[in-house]
2 protein chains.
Amino acid sequence: MEKPLSQRPAPDTAARERLVMAAIGLFTRKGYAATSVREIVEAARVTKPVLYYHFKSKEGIYLETLRETMEEFEALLETLAPSAEPADFQVQRFCGEVFELFLKRIDVVRLVHSIMYGPPQGAPPFDFHAAHDRMVESIRGLIRLGVARREFRDGNEEGMTLAVLGAFNVVYELRMIHPERGVGRDALDWALDVVFRGMKRAEIRQERR
Amino acid sequence: MEKPLSQRPAPDTAARERLVMAAIGLFTRKGYAATSVREIVEAARVTKPVLYYHFKSKEGIYLETLRETMEEFEALLETLAPSAEPADFQVQRFCGEVFELFLKRIDVVRLVHSIMYGPPQGAPPFDFHAAHDRMVESIRGLIRLGVARREFRDGNEEGMTLAVLGAFNVVYELRMIHPERGVGRDALDWALDVVFRGMKRAEIRQERR
DNA sequence: GTCTATACATGGATAGAC
DNA sequence: GTCTATCCATGTATAGAC
């Protein structure tokens with residue numbers, strides 16, 4: 001039973017959305033503790049009680065922004081399904097797709113990264129471990145597949161998982177601290193080339209570049 | 001012309017040192033913005049003016065703590081000198097030594113990591129890039145050496161540097177988020193085994209485990 | 001749902017005595 | 001160099017009208 005638009009004082013149902021956008025921008029650029037509620041509401045062009053109405057505290061809007069953006073990452077991980085392609089292709093495609101998503105949301109990645117690995121900064125706890133573990137397990141699963149198919153060598157599954165994850169990590173991390181160097185997808189492929197060469201059995205190895 | 005100890009009101013020259021210790025502990029556990037001056041002085045068992053006397057602001061004691069701890073890392077990097085050993089041994093030893101230092105000061109590493117890669121959190125700027133770049137260049141230099149000696153393959157120096165750095169990064173990062181899993185030096189060696197195998201020329205490659 | 005106005009705690013920093 | 005006492009800006013959050 002909503003009133004017709006014409007009778008509402010201000011048809012600003014977008015206020016909540018603007019708040020989320022503003023909050024993401026500020027939290028990612030300044031960090032949780034360094035961002036004040038006043039800054040958020042000014043950026044969203046609303047007043048303080050609007051924020052406290054829709055969320056109920058600074059922690060509330062923070063957790064909500066994280067929840068909304070993490071859903072994107074979860075969704076991408078869901079789409080992963082083992083295929084008949086060579087295992088290294090699958091690993092490379094998976095890493096590449098997640099990497100593209102990271103590039104698109106590099107600011108959020110920066111925030112999540114600093115909270116996952118760094119001190120809590122006064123921010124309420126948020127569970128990133130589950131998503132991170134799922135990503136690691138996805139890679140490990142593809143590597144197990146490659147080992148079972150005798151594409152990858154046997155006996156160092158953990159080392160291979162770490163090497164792949166490391167190649168992925170180092171590239172997006174370099175991108176965060178040196179955006180001007182344009183470290184991108186090609187750098188990821190170069191690093192993965194080295195790693196794959198170290199993973200493949202001698203018999204089936206062949207150059208791909 | 002100092003007075004003899006007996007005549008000083010309180011021989012507490014350790015106050016400054018206690019402040020630095022307390023500041024490191026709090027900044028690393030809570031982050032810069034989330035740590036208050038009151039907390040620091042209470043932990044150091046002094047009063048506020050003592051902090052403002054020795055340093056001159058919150059930013060001052062923060063920068064001083066960072067400066068003091070970064071000197072350790074710089075010192076370790078200085079000790080690196082190319083030797084006649086195989087290049088992969090040298091890379092492994094270098095990574096291992098830096099890794100040991102990281103483990104010893106894992107809390108400081110956590111703070112530096114989150115500030116390097118994350119939002120500034122209201123903290124004054126501090127130049128970590130120089131030290132980080134030097135570390136990367138050290139690895140790249142050893143890899144160039146290996147290539148020149150025909151131990152490593154030619155044509156993907158950048159990929160090899162990234163792969164090595166990635167193996168190093170991923171291991172200490174995992175250690176930070178999952179200390180209970182005991183990810184340690186052995187995991188680093190497993191990952192590097194994969195990477196080295198991908199770097200070595202086929203002719204000279206041989207198992208080392 | 002959105003406003004004005006305000007409560008109330010905590011923040012960083014300093015004055016001035018010793 | 002260290003204290004007590006205090007200043008003042010900023011912080012989060014809310015009351016109460018519309």
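Sequence lines set the chain letters: A, B, ... in the order given, protein chains first and strands last, and positions in each chain run from 1. The shown structure was predicted, so the numbers you read here are calculated from the model rather than taken from an experiment.
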### Summary
Here the distance between atom P of D/dT12 and atom OH of A/Tyr62, to the nearest Å, is 15 Å
### Task
Flag the pair A/Arg67 and A/Glu71 as a salt bridge only when some basic side-chain nitrogen lies within less than 4.0 angstrom of an acidic carboxylate oxygen.
yes
### Query
What string of B, S and - do you get for nucleotides 13-18 of chain D, 5' to 3', when a contact is any protein heavy atom under 4.0 Å?
BBB---
### Query
Hey, would you say the A/Tyr62 and A/Phe55 ring centroids sit under 6.0 Å apart?
no
### Task
Please state how far atom CD1 in A/Ile40 lies from atom C1' in D/dG11, giving the value in whole angstrom units.
12 Å
### Message
What is the distance, to the nearest angstrom, from the CZ atom on B/Phe27 to the C1' atom on C/dG12?
### Response
12 Å
### Query
Reckon B/Tyr53 has a side-chain N or O less than 4.0 Å from the OP1 or OP2 of D/dG1?
yes
### Task
Answer yes or no: does a side-chain N or O of A/Ser36 lie under 4.0 Å from OP1 or OP2 of D/dT10?
no
### Query
Between D/dG1 atom P and B/Arg16 atom CZ, what is the distance in whole Å?
10 Å
### Query
Separation of B/Leu26 atom CG from C/dG11 atom P, in whole Å?
12 Å
### Nearest-Å distance for atom pair CZ/C1', residues A/Arg38 and C/dA5
17 Å
### Rounded distance (Å) that lies between atom C1' of D/dT2 and atom CZ of B/Arg18
12 Å
Side-chain donor-acceptor distances from residues 167-178 of chain B under 3.5 Å, at least two apart:
| unit_1 | atom_1 | unit_2 | atom_2 | d |
| --- | --- | --- | --- | --- |
| B/Asn169 | ND2 | A/Glu173 | OE1 | 3.0 |
| B/Tyr172 | OH | B/His113 | ND1 | 3.0 |
| B/Glu173 | OE1 | A/Asn169 | ND2 | 3.0 |
| B/Arg175 | NH1 | B/Val183 | O | 2.7 |
| B/His178 | ND1 | B/Glu180 | OE2 | 3.2 |
| B/His178 | NE2 | B/Arg181 | NH2 | 3.3 |

### Query
Is A/Arg134 salt-bridged to A/Glu137, going by a charged N under 4.0 Å from an acidic O?
no
### Task
Please identify each residue that fulfils side chain to side chain donor-acceptor pair (under 3.5 Å) with B/Glu39, with sequence neighbours left out.
B/Lys30, B/Ser36
### Query
Without hydrogens or angle criteria, can the side chains of B/Glu85 and B/Ser83 be said to hold a donor-acceptor pair below 3.5 Å?
yes
### Task
Could you tell me the separation between the CD atom of B/Glu42 and the C1' atom of C/dT10, rounded to a whole number of Å?
13 Å
